[in-house]
Amino acid sequence: MNKDMEWYLKEYFGYEAFRPGQASIIKRVLEGQSVLGLMATGGGKSVTYQLPALMLPGITVVVSPLISLMVDQVQQLRTKKRIPAAYVNSTQDPAEAREVLQKIATGACKLLYISPEKLQQPYVQHVLNQAGVSLVAIDEAHCISAWGHDFRTDYLRLPDTLKQLGNPPVLAVTATATTAVRNEICSLFGIAQEHVVVQTLNRANIAYDLAEVNGESERRQLTFELIDRLEGPGIVYCSTRQAVDVLVAAYQLDGKRRVDGYHGGMNSMERMLIQTQFLAGELDVIIATNAFGMGIDKPDIRFVIHYQLPASLEAYSQEIGRIGRDGRPGYAMLLYAQEDIQIHQYMLDKEYPTPLQVQQFFQHYRAGAAFDAQTLAMIDMSEEMAAMLTFYTERALSGAQVSSSTEVTNPVQDIWQKTEKRKAVKRKKLSEMVSYVLAESCLRKHLNQYFGEKDHSYQHFCCSRCGLSRAAYEGERMVMVQPEAQNRWNLRQALDKLLPKK
DNA sequence: CGTTTAATATGTATATATTAAACGGTGCCATACT
């Protein structure tokens with residue numbers, strides 16, 4: 001079997017040898033085991049399901065979070081590797097989609113890329129069952145925990161969806177997962193502890209830096225200086241679309257480098273254009289919200305600047321993880337101020353329902369009402385919240401059936417409590433982000449420990465707490481920002497508010 | 001909750017100060033509408 005694996009690796013992927021972790025994941029997958037693979041960005045995750053897809057008898061379904069990722073990967077497989085792959089999603093018209101699915105039914109495709117939403121459609125499942133599903137790969141599997149509980153609950157429905165496909169083995173892969181996230185993925189898909197394959201998540205080539213800023217002008221000045229002086233391509237992350245637009249306009253006015261913006265408010269053509277330009281080296285820096293970056297294949301990103309505090313260490317680690325996939329040194333700067341927390345708190349409060357909203361939703365749900373635009377407007381609820389509440393309501397009602405003998409709980413109360421629980425989890429993640437900037441210990445250690453990583457080695461620089469100065473990093477002098485005691489104290493107060501009361 | 005933008009106030013023409021209102025992330029899909 002070993003020889004076969006290597007033959008496929010060379011024949012289809014052009015590599016002489018496997019990269020660390022790959023062979024061990026693939027072996028288990030070929031044995032029919034369900035596996036969770038954790039590999040640092042740039043570790044070659046996609047080969048771990050693309051190669052088994054060629055060797056296994058049936059089709060491999062790749063659950064992918066973004067249409068743009070499906071398009072990229074399928075194109076690469078078809079043109080560069082000559083592997084028969086396809087995708088089904090909402091960019092296709094019904095006739096087109098039917099054509100693809102009919103081809104799949106005949107077994108002409110080895111890989112199908114699809115979203116968790118689309119995978120629930122009965123016709124899609126019917127076709128896949130005809131072809132026979134050998135493996136379900138879940139790409140960017142941290143999305144299950146990051147999005148499954150609120151933003152895209154279809155991620156948490158995946159175990160039920162896979163039941164309809166006869167529970168094929170699962171290979172979940174990601175670059176960031178805390179112990180809690182690993183446990184959640186394992187229990188959802190029945191992955192045994194010995195089938196969790198972990199490569200080191202420590203990013204030895206990244207130098208971690210941190211600076212507290214006072215006021216908008218200081219923040220902006222520091223950011224623009226960094227963009228001007230740092231070498232190579234980079235990304236600047238902001239918390240809001242507006243901040244992105246403002247920064248782009250301000251920098252383009254008299255900045256030295258080629259910079260453009262990217263966020264969810266832009267249409268897909270614009271977004272595609274900007275991303276393509278960045279990948280092709282026609283843009284030096286992208287200023288973006290967290291909409292940018294997932295799955296982008298650019299090995300030479302040299303720096304990431306966080307203009308504001310991100311919402312969690314998971315998000316932070318994902319975003320800086322895009323630095324230096326080529327293994328060459330890179331630099332991560334996190335700018336923060338006390339007021340950065342407010343936007344995240346606001347979003348959190350807005351995302352989750354009040355008891356009244358749950359009640360109104362439940363009444364309509366019970367009455368069998370469709371949650372169309374009109375109904376939603378009537379109860380003043382967003383499409384997103386209705387989708388989330390549908391999920392929790394379904395859970396509450398099916399759960400009630402199972403345990404009906406014990407006690408009859410109020411479903412509305414039950415649903416609201418479940419959503420409050422998730423809200424508390426998110427609040428805690430935000431507090432952990434704040435703790436990170438407040439703690440005075442080594443940044444690398446703190447971040448690595450959060451993800452259960454014990455290796456803290458580094459190549460050139462560790463972090464600003466371990467003696468990295470920006471002057472040293474850039475090889476020239478630069479104004480250092482002095483943190484003010486007052487602001488730190490306020491931030492501690494804000495942190496206290498985030499933590500649950502005892 | 002903080003920042004940005006729009007609207008008003010001032011006191012007699014342009015611009016600044018003050019106050020009020022608006023706004024805020026991530027994407028799939030289906031459906032309704034042009």
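These numbers were taken from a predicted model, which means no experiment stands behind them. Lettering of chains follows the sequences in order, A, B, ..., and the numbering in each one begins at 1.
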Measuring only the [atom1] atom in each nucleotide, how far is [N] from [M]? A whole number of Å is fine.
| N | M | atom1 | result |
| --- | --- | --- | --- |
| B:dC33 | B:dC28 | P | 24 Å |
| B:dG11 | B:dA17 | C1' | 14 Å |
| B:dT31 | B:dT8 | C1' | 44 Å |
| B:dA22 | B:dT26 | C1' | 22 Å |
| B:dT4 | B:dG25 | P | 14 Å |

d([atom1], [X]; [atom2], [N]) in whole Å:
| X | N | atom1 | atom2 | answer |
| --- | --- | --- | --- | --- |
| A:Glu339 | B:dC1 | CD | C1' | 10 Å |
| A:Arg219 | B:dT3 | CZ | C1' | 11 Å |
| A:Ile144 | B:dC28 | CD1 | P | 17 Å |
| A:Met388 | B:dG27 | CE | C1' | 16 Å |
| A:Asn267 | B:dG27 | CG | C1' | 15 Å |
| A:His344 | B:dG2 | NE2 | P | 15 Å |
| A:Ile341 | B:dT3 | CD1 | P | 13 Å |
| A:Leu247 | B:dT3 | CG | P | 14 Å |

Subject >> Consecutive-pair stems (at least three Watson-Crick or G-U pairs, under 3.5 Å) that include DNA chain B >> reply: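 If one scans DNA chain B for consecutive Watson-Crick or G-U pairs, the stems found are B:1-10 with B:15-24.
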Original post:
Can you name the nearest heavy-atom pair linking A:Ala40 to A:Arg203, along with the distance?
Top reply: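 Closest pair (atom of A:Ala40, atom of A:Arg203, distance): CB-CD, 4.1 Å.
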Original post:
Do you know which two heavy atoms are closest between A:Ala291 and A:Arg271, and how far apart they sit?
Top reply: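 Minimum heavy-atom separation between A:Ala291 and A:Arg271: CB-NH2, 4.2 Å.
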Subject >> Sole residue of A:Thr240, A:Thr289, A:Asp245 in side chain to side chain donor-acceptor pair (under 3.5 Å) with A:His263 >> reply: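 So, applying the side chain to side chain donor-acceptor pair (under 3.5 Å) to A:His263 and each of A:Thr240, A:Thr289, A:Asp245, only A:Asp245 qualifies.
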Subject >> A:Asn267 atom CG, neighbour heavy-atom count above 12 within 6.0 Å >> reply: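 Yes - once you tally the heavy atoms of other residues, nucleotides and ligands closer than 6.0 Å, there are more than 12.
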Indicate whether any N or O donor in one side chain lies under 3.5 Å from an N or O acceptor in the other, for [X] and [Y].
| X | Y | answer |
| --- | --- | --- |
| A:Gln318 | A:Glu314 | no |
| A:Tyr251 | A:Asp228 | yes |
| A:Asp260 | A:Gln277 | no |

**OP:** For the pair A:Asp297 and A:Arg325, find out whether any cationic side-chain nitrogen is under 4.0 Å from an anionic carboxylate oxygen.
**Re:**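 Looking at A:Arg325 together with A:Asp297, the answer is yes, because their closest N to O distance falls below 4.0 Å.
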**OP:** Decide, yes or no, whether a salt bridge links A:Glu99 with A:Lys103 under the criterion of side-chain N to carboxylate O below 4.0 Å.
**Re:**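 So A:Glu99 does not pair with A:Lys103 through a salt bridge.
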**OP:** Determine which pairs satisfy salt bridge (charged side-chain N to carboxylate O under 4.0 Å, His left out) with at least one residue from residues 118-145 of chain A, sequence neighbours left out, and list them in order.
**Re:**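 Pairs touching residues 118-145 of chain A that pass the test: none.
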Subject >> Residue pairs passing the salt bridge (charged side-chain N to carboxylate O under 4.0 Å, His left out) test where at least one lies in residues 362-373 of chain A, sequence neighbours excluded >> reply: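 Pairs touching residues 362-373 of chain A that pass the test: none.
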Subject >> Reading 5' to 3' through nucleotides 17-26 of chain B, protein heavy-atom contacts under 4.0 Å coded B for base, S for sugar-phosphate only, - for none >> reply: -------BBB
Subject >> All ring-ring contact (aromatic ring centres under 6.0 Å, His included) counterparts of A:Tyr316, not counting sequence neighbours >> reply: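 Counting only residues at least two positions away or on another chain, A:Tyr316 forms a ring-ring contact (aromatic ring centres under 6.0 Å, His included) with A:His306, A:Tyr436.
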Shorter than 3.5 Å, N or O on both sides, protein versus nucleotides 29-31 of chain B: list them out with atom names.
from, atom 1, to, atom 2, distance (Å)
B:dC29, OP1, A:Ser115, OG, 3.4
B:dC29, OP2, A:Ser90, N, 3.0
B:dC29, OP2, A:Ser90, OG, 2.4
B:dA30, OP1, A:Gln121, NE2, 2.1

Original post:
Base, sugar-phosphate alone, or nothing: which one does A:Pro65 contact when heavy atoms must sit under 4.0 Å apart?
Top reply: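 The answer is sugar-phosphate, as A:Pro65 gets under 4.0 Å only of primed atoms, P, OP1 or OP2.
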